[in-house]
*Asks:* 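The structure under discussion is supplied below as structure tokens; questions concerning it will follow.
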Amino acid sequence: MTDSPLLEITDLTLSFKSREGLNRALDGVSFSVHRGEVVAVVGESGSGKSVTSLALMGLLSDNAVIEKGQAIYTPDVNRRYDLTCIDERTHRSIRGQSLAMIFQEPMTSLNPVLKIGDQLTEALFDHHLCSREQAWQKALALLDQVRINDVERVMNSYPQALSGGMRQRVMIALALTCDPQMLIADEPTTALDVTVQARILQILRELQLHRQMAVMFITHDMGVVAEIADRVVVMFRGKVVETGSVEQIFKAPRHPYTQSLLAAVPKLGDMADSHWPKRFAIVGEDDPNVVLEQQRTADYSGKPLLDVRGLQVYYPIRSGILSKTTHEVHAVEQIDFDIYPGETLAIVGESGCGKSTTGRALLRLVEHQSESIHFQGKEISLLNDRAFKPLRQSMQMVFQDPYASLNPRLTVGFTIAEPLLIHGMAKSLKEASPVVAQLLKSVGLEPEHARRYPHEFSGGQRQRIAIARAMALQPKVIIADEAVSALDVSIQAQVINLMMDLQQKTGVAWIFISHDMAVVERIANRIAVMYLGQIVEYGSRHAIFNHPQHEYTKRLLASVPIADPSRRVARQFDDDELRPSPMRPLGAAVTKPHYKKVAEQHWVAI
Amino acid sequence: MDSLIEMNQQDNIRSPWREFWRRILANPVAVGSGGFIVLLVLVAIFAPWLAPYNPLHSDWNALATAPNWQHWMGTDDLGRDLLSRIIYGARISLYVGFFSVTLGMVAGILLGLFAGYYGGWLDMLIMRGADVLFAFPGMLLAIAVVAILGPGLNNVIVAVAVFSVPVFARIVRASTLSLKQAAYVEAVRCAGARDRLILLRHILPGTLSNVIVFFTMRIGTSILTAASLSFIGLGPEPDVPEWGNILAMGRNMMMAGVWHVSLFPGLAIFVTVLAFNLLGDALRDTLDPKLKN
Amino acid sequence: MLTYVIRRILEMIPVLLVVSLLVFGFIKLLPGDPARVYAGPDATQAAIEMARVHLGLNQPMAMQYLHWLSGLVHGDLGTTYRTQQSVAQVIGKSFMPTLYLAMAGFVWSVVLGLLVGVVSALKRGKWQDWTLMSLAIGGISLPPFWLGLLLIQFVAMPYGIFAVSGFNKPLDIVLPAFTLGASVAAVMARFTRSAFLEVAQEDYVRTAKSKGLRERLVTWKHIMRNALIPVITMLGLQFGFLLGGSIVVETVFSWPGLGWLLIQSIQTQDQPVIQALVMLFVLEFIVINLLVDLLYAVINPAIRLK
Amino acid sequence: QGLKISMYADITGLDPHDTSDNVSYSVQSGIFERLFQFDANMKLIPQLATSYTSNADATEFVLHLRHGVTFQDGTAFDAAAVKANLDRLANQKLGLKRNSLFKLVKTVTAVDPYTVKVVLSESFGAFINTLAHPSAVMWSPAVLAKYPSEAQLRKHPVGTGPFKFEQWQQGQDVKLVKYDHYWKQGWPKVDSVTFYPAPEDSTRVAALRSGQVNAIYPLPADLVNVVKHDDKLAVQRDPSIYMYYIALNTQHKSLASIKVRQAINYAINRNLWLKVGYAGMGTPAESVIAPRVQFFAKQSTPNYQFNPAKAKQLLKEAGYGNGLKLNLWTSNATTSVRSAQFFKQQLAQVGIQVKVVPMDSGARDAKLWSVRDPKKAQYDLYYGGWSPSTGDADWALRPLFATESWVPTAYNVSYYSNPKVDKAIRDGLATADPKVRATAYARAQTLIWHDAPIVFLGTPDNLVGKQKNLSGVSMLADGTLLFTQAQFK
Ligand SMILES: Nc1ncnc2c1ncn2[C@@H]1O[C@H](COP(=O)(O)OP(=O)(O)OP(=O)(O)O)[C@@H](O)[C@H]1O
Ligand SMILES: Nc1ncnc2c1ncn2[C@@H]1O[C@H](COP(=O)(O)OP(=O)(O)OP(=O)(O)O)[C@@H](O)[C@H]1O
Ligand SMILES: [Mg+2]
Ligand SMILES: [Mg+2]
């Protein structure tokens, strides 16, 4: 009996009802997960990975129909359930305690009106696993384990006050609170910087070793797969096209999709000798042997397109019954940077260091101060909202949380067309139609998808919709906040090439916020490394990747997982290392960092 | 063939408005209740052909008779045929019920949106204004409306609308407050949308589900309120058949054991309100893309 | 938060000033002649003029207003035309019965309304939903006087447990409170259902379910907390409405409360009482809405109080 | 045993001198007594006075008082008490509501402890009726002295009546208890009387049926049958002096014509009106005043029997054969509105199109009774009624039909003016001799009946609902409640 798998899915077939009839999302999916095993599920964006896991949890949306198939879950000798057809009560008794899940979209998956601490602990005492006090302690410990700073503050915050990565880590902690036997982790590290990611992977592995926890790990990051998985399941268009041990898959992929996937994986160091960014090779389209042309679009001859001096954003922290502001989170601390036309500036850094906040400040979505902000040579920091409005066409943002940034009541087609209509770039919907169709196609979606609503898409698909919307206006600057994090590498390559195409065509400058160092290496002209709200290292990509100066930059580069299971290393972590917090008492003065010029175009904070 | 594909392509993006219609027509409850309301409207329009008697004509020998073969719903306290009065009553009751709430809703929505979205002084001004309006006893307001506007059916509509404005304003403001923080609203603001567009296309639909619920509930209340207004000389003459009016006149007779005079208009109001509520629920579901079976 | 509350309270002063002016002007706008009502149905013009002088209605408007306002500031609301008592006392006496009635009506109707709303949302489309919502719609389209009379005829009269009219023993509150609450319960039920359905399909509800929480916890904590925003708005409005004293219910049950006082005062054009009552209602609304606004911020931290 | 009565409104206070509503008068009549009183037929009967004499031109009245009466606080009732009360009523500075009735009292002198002489400033033949008005009660002079402020006084009533005041909870109840030393031996027969206000007609009836109260005042006509069919209950039906009419605005061209006014009188079926509005209980008008009013004289020419043909003919003669459009104002009370709709249908049959305009009392005050320029009066027909609270023809005719009483001075809304009528009314007041007065008022009635400035409708009966075993509770013709003789069988 011990060798019967913990979970065995056979021939799972599932469709979504829609007005055009049934849309098949899963088509005879079969695979199994054994106790203490990490199974990585990889596959194309929209191939049905999330749907599979939701089906196991019994949390599918109302319009889903399971047509056939089974999912036998055997937590112990006496219990055996078919997850596709057990009643809600039984399912509930399994959920959380025995079978836990980390959802793909951490931003919308946390209840906005409950404090993090409450959300973390409620399951524990609802299942009568421990007292309130113990639950609280356990939650603190878990948050600490997933390397969250200011644990106390986070416990007492509402989800809106957390950065994307922080929320994701809260989700991880949430799933682990009740010590489940099996964990379904749907893209659990997309919003995490590599140092933290490495740490999370290690926690999962420990749990797997010590507590025989099984993990179904959905990801598109082949480096992570190589690092953690025992076996790999490859999905493509609703089908499982290949399964095998991790070595087998990496060494000898059989299915063409797997092959192209692996071929597309960018590797750190690929670009060590290239001065300019390069396009990705698309398997099947581009001949891998052809030397890819370099992306020489950045134009440093003139003035910078955007020149930011002393940007600073503080969030008040209220406490006590009177809600007085006692502390402030120094999310962005007097940073300077500039960006030139056609350039790609990557902002990398620890999760929660203020990257998204920087982007939001530039677009005036949060209150901020600055010494000056020049756009195309014009001072814009003093403009009032009305005068700022015309500039919005030139500055677009792809939000880190694509789902929340799409109006759930509008079809995505209309959402993409809307900016065109607003700025008179299309006179009517009819006129906008081909443009929208073109945009959808270019991000790898079908024109028919325009009719659907945001909730009918997979995570990666939504991300692409958000990108399409930002590009629709052909702006001068696009801030892409983790814009490709939920895409499988093949689509990612396609989208990034698209970004570069656009850059070539219109000279758009990208501010590319990302954790994926390999992607950053590929497309960035220059890089700003942020740490605790400040830019600690700033320079050309070449300089930073080849000669990292700052302690943090070095660590970051060292933590990048390598997409090769044979080179799996046991990392060492220094647990005593100090984790500084961006939270300061009200009115604390911080001096602007000074920079040392290490080389031409390369500064590091001292 | 080619142009067919082309057309199909064009059809991929529908304006939210068209999309709304398409969805509502696909909803059987919406079609059913909407159909019933249309029927009511037809009854109202063709009342002269449908009513068996002149609704204003009294039979002095048949005061308050119970339903019988001559008078299917009996007669009222002045010996008028109740069925005919109820058929004719659909005219004014539907007219007043619907338009007064609509007027109040439109005004309330606009005020609520502005107050919630812009906040600050505007919010204070609008909301305190609403407080005052709401605090004024309805009777006083109505009397004041007659004093200012003079009597007349359309002024009834205004008077009843005035009662509804603050409620709608509050409801809309509440939802606006939380919706304006939504990421998708930030996203359209980034796209350069003007406030009007943000308010109307992105925030308003989110508030509508509550508005619709209240709207449909309010219709019944308005029919009743309108009746009490005709008692202070605002609105149509008291003998003009109108459901609320018939009901109110039947009030004392109820204690005297004469039920039918208030039963039938009561039923008429109930069924109408029910139809509007069902339609409202269907509309609500339509506006919510996630809810669809 | 505290500063917000203080600011809102300070804000009330100019608002109330404006309101007082409005109320005063408004009352004067109403047609009628209080002196005539005061003097009685068969008084001669001379008697009416005497009454006018006696009531101080012959003074210029501005004087009357200032007089009233200064009285207000000093807590003196004047004397009623009808009974010559101090307005404050008269209102004070009617206030408690109305408060009891409003509280009783409010509590049962809100509790039941919320419950019914949640249950029918949970059973959406099933027979329970249909029954409950039909009842609720009945509650909305049933005029309160109708319900009141029904209750009097079929509950109060045959059994003699509850009074047919008046407020003489605690139990007498049951029927009027029921009548008063019926429409509120119906409104709350419909509203709750709608808000609940809206929230129920959010992603975070899915998360809560994924934790295996009991359904009750998911329903009340995760869904209701979020659905409460519109519900609370309605709650505030309804409570204000109840406290203002449902005029109809108070007349039907001869309840010695504010609603009845108001009706009497309107009928007898007892301006000092009408003015004071309206001011009281406005004040109530402002306070209730302040509470509601504070509750918004408590319930939904994204709504910041500035 | 205690008596419980449900009334249509709450009292406004307990000082009859400063009261103008029947509910308060009714309650007060248990505590206070007047010098003269009306019986059920509106005949004057002595109460605290035993008899009176007057001079020929009705300017001096000598009143003889009852012996052995004490106020509820122990003060003796005597001429000084009467003087104190009449002086108070006549004092124009106090702003009492009923001062206007007593303004013409010039001096009051106590001739001896039981004789009072009242001198009027002008002839007023109806003065004794005025003394029988519900406001003309005798307060204990000690209490009057103790509470000089009206606000206090009206909460501490002390009179000579059969009941003492116990408490008044506004909006809730008024309670009176038996006064043990009441001068009429053996009365009252009940230990206490409690009044409960209940404005809603059906609630009042329900309270009676459920046994919560013993009597209700009044019993609405449309609910008479409920009480009739209940074998524990009885209807107490008494004639009233409340005259209902439709005033016709003679300022308006069409209504200036006597023919049109008479036509309208012919066009309305009075019995049907009583049936529709008052369950058929009442008397159709036979004069401009109700039969119980002092000096009533029945009229028969013209004979305003329902006669549409005659009405049409008269209209034709007046030049309105093709129809006429008029508006009809009325109060917004349910019965009024119902009657108005009835009139509308009746008049439609003779070709008069009527538009009914119900209005609340405020609007009516403003638009009907406060109009300063008769030409500006907007109404054509006004449906209303009048009750002469002194029960005398003078107060029934003068305020409504004398030229001096044109709105806004008094209530002549028809703007009727006939010098002969004016003179007859004056003649009636100039003497206290009943015979002379009767002839004068008979003349006035005949003239008015012929001129038809109003539609003479009739007088619905006063109805009280009560338990079968209760007697002595009824409504007086003036609309106040009589309960001092209440007694359970
Ligand atoms: N509620 C829904 N209604 C209709 N279609 C849906 C719904 N949810 C998902 N789909 C469709 O089902 C397919 C599978 O989606 P799923 O979310 O499983 O993708 P995924 O493999 O997780 O992709 P990603 O890596 O982008 O998250 C997609 O094509 C998606 O458009
Ligand atoms: N509304 C807010 N109120 C209070 N603190 C906030 C708020 N939004 C963000 N913060 C805090 O500001 C800091 C920076 O957040 P930001 O979202 O910019 O991080 P980030 O660099 O984008 O991180 P990630 O990579 O995880 O998305 C975090 O510590 C976060 O907790
Ligand atoms: Mg997914
Ligand atoms: Mg971020």
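Because only heavy atoms are used, hydrogens play no part in the values below, and waters and symmetry mates are left out as well, while side chains stay in. Note on naming: letters A, B, ... go to the chains in the order of the sequence lines (proteins, then strands), and numbering restarts at 1 for each one.
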*Asks:* So how far is it from A:Ser50 OG to A:Phe103 CZ, rounded to the nearest 0.5 Å?
*Replies:* 10.0 Å
*Asks:* In a check of salt bridge (Lys or Arg N to Asp or Glu O under 4.0 Å) between C:Asp129 and each of C:Arg190, C:Lys123, C:Arg193, which one passes?
*Replies:* C:Arg193
*Asks:* Quick check: under 4.5 Å, non-hydrogen atoms only, which of residues 212-222 of chain C neighbour chain A?
*Replies:* C:Gly212, C:Leu213, C:Arg214, C:Glu215, C:Leu217, C:Lys221, C:His222
*Asks:* Using modelled atom types only, decide if a donor and an acceptor are shared between the side chain of C:Gln201 and the backbone of C:Leu197 within a distance under 3.5 Å.
*Replies:* yes
*Asks:* For A:Trp136, give me all partners under ring pair (Phe, Tyr, Trp, His ring centres under 6.0 Å), at least two apart in sequence or on another chain.
*Replies:* none
*Asks:* Name the option with the most non-hydrogen atom pairs under 4.5 Å to chain C; the candidates are A:Ile102, A:Leu174, A:Leu99.
*Replies:* A:Leu174
*Asks:* Is A:Leu59 close to chain C through its backbone or its side chain, or both, or neither, when contacts mean heavy atoms under 4.5 Å?
*Replies:* both
*Asks:* Which atom names give the shortest non-hydrogen contact between C:Ser109 and C:Val184, and what distance separates them?
*Replies:* OG-CG1, 3.5 Å
*Asks:* Could you tell me which portion of A:Ile94 (side chain, backbone, both or neither) has an atom closer than 4.5 angstrom to a non-hydrogen atom of chain C?
*Replies:* neither
*Asks:* Among A:Ser109, A:Ser53, A:Pro188, which one satisfies side chain to side chain contact (heavy atoms under 4.5 Å, CB included) with A:Met101?
*Replies:* A:Ser53
*Asks:* Is there side-chain contact between A:Met182 and A:Ser98, with at least one heavy-atom pair below 4.5 Å?
*Replies:* no
*Asks:* Top residue by heavy-atom pair count (under 4.5 Å) with chain A, among C:Lys209, C:Arg225, C:Arg206?
*Replies:* C:Arg206
*Asks:* On the six-membered ring of A:Phe457, is A:Arg452 placed so that its NZ or CZ lies under 6.0 angstrom from the centre and within 45° of the ring axis?
*Replies:* yes
*Asks:* Looking at A:Arg79 and A:Asp76, is any side-chain nitrogen of the basic one under 4.0 Å from a carboxylate oxygen of the acidic one?
*Replies:* yes
*Asks:* Is there a side-chain contact between A:Val412 and A:Pro454 (heavy atoms, below 4.5 Å)?
*Replies:* yes
*Asks:* Between A:His91 and chain C, with a heavy-atom cut-off of 4.5 Å, which part of the residue counts as in contact: side chain, backbone, both or neither?
*Replies:* neither
*Asks:* Report the option among A:Arg89, A:Gln97, A:Arg95, A:Met57 that has the most heavy-atom pairs separated by less than 4.5 Å from atoms of chain C.
*Replies:* A:Arg95
*Asks:* Taking A:Gly96, A:Ala161, A:Ala100 one by one, which has the highest count of heavy-atom pairs under 4.5 Å against chain C?
*Replies:* A:Gly96
*Asks:* Which one of A:Leu110, A:Thr108, A:Asn111 has the most heavy-atom pairs closer than 4.5 Å to chain C?
*Replies:* A:Asn111
*Asks:* Sort A:Leu54 into side chain, backbone, both or neither according to what part of it lies under 4.5 angstrom from a heavy atom of chain C.
*Replies:* side chain
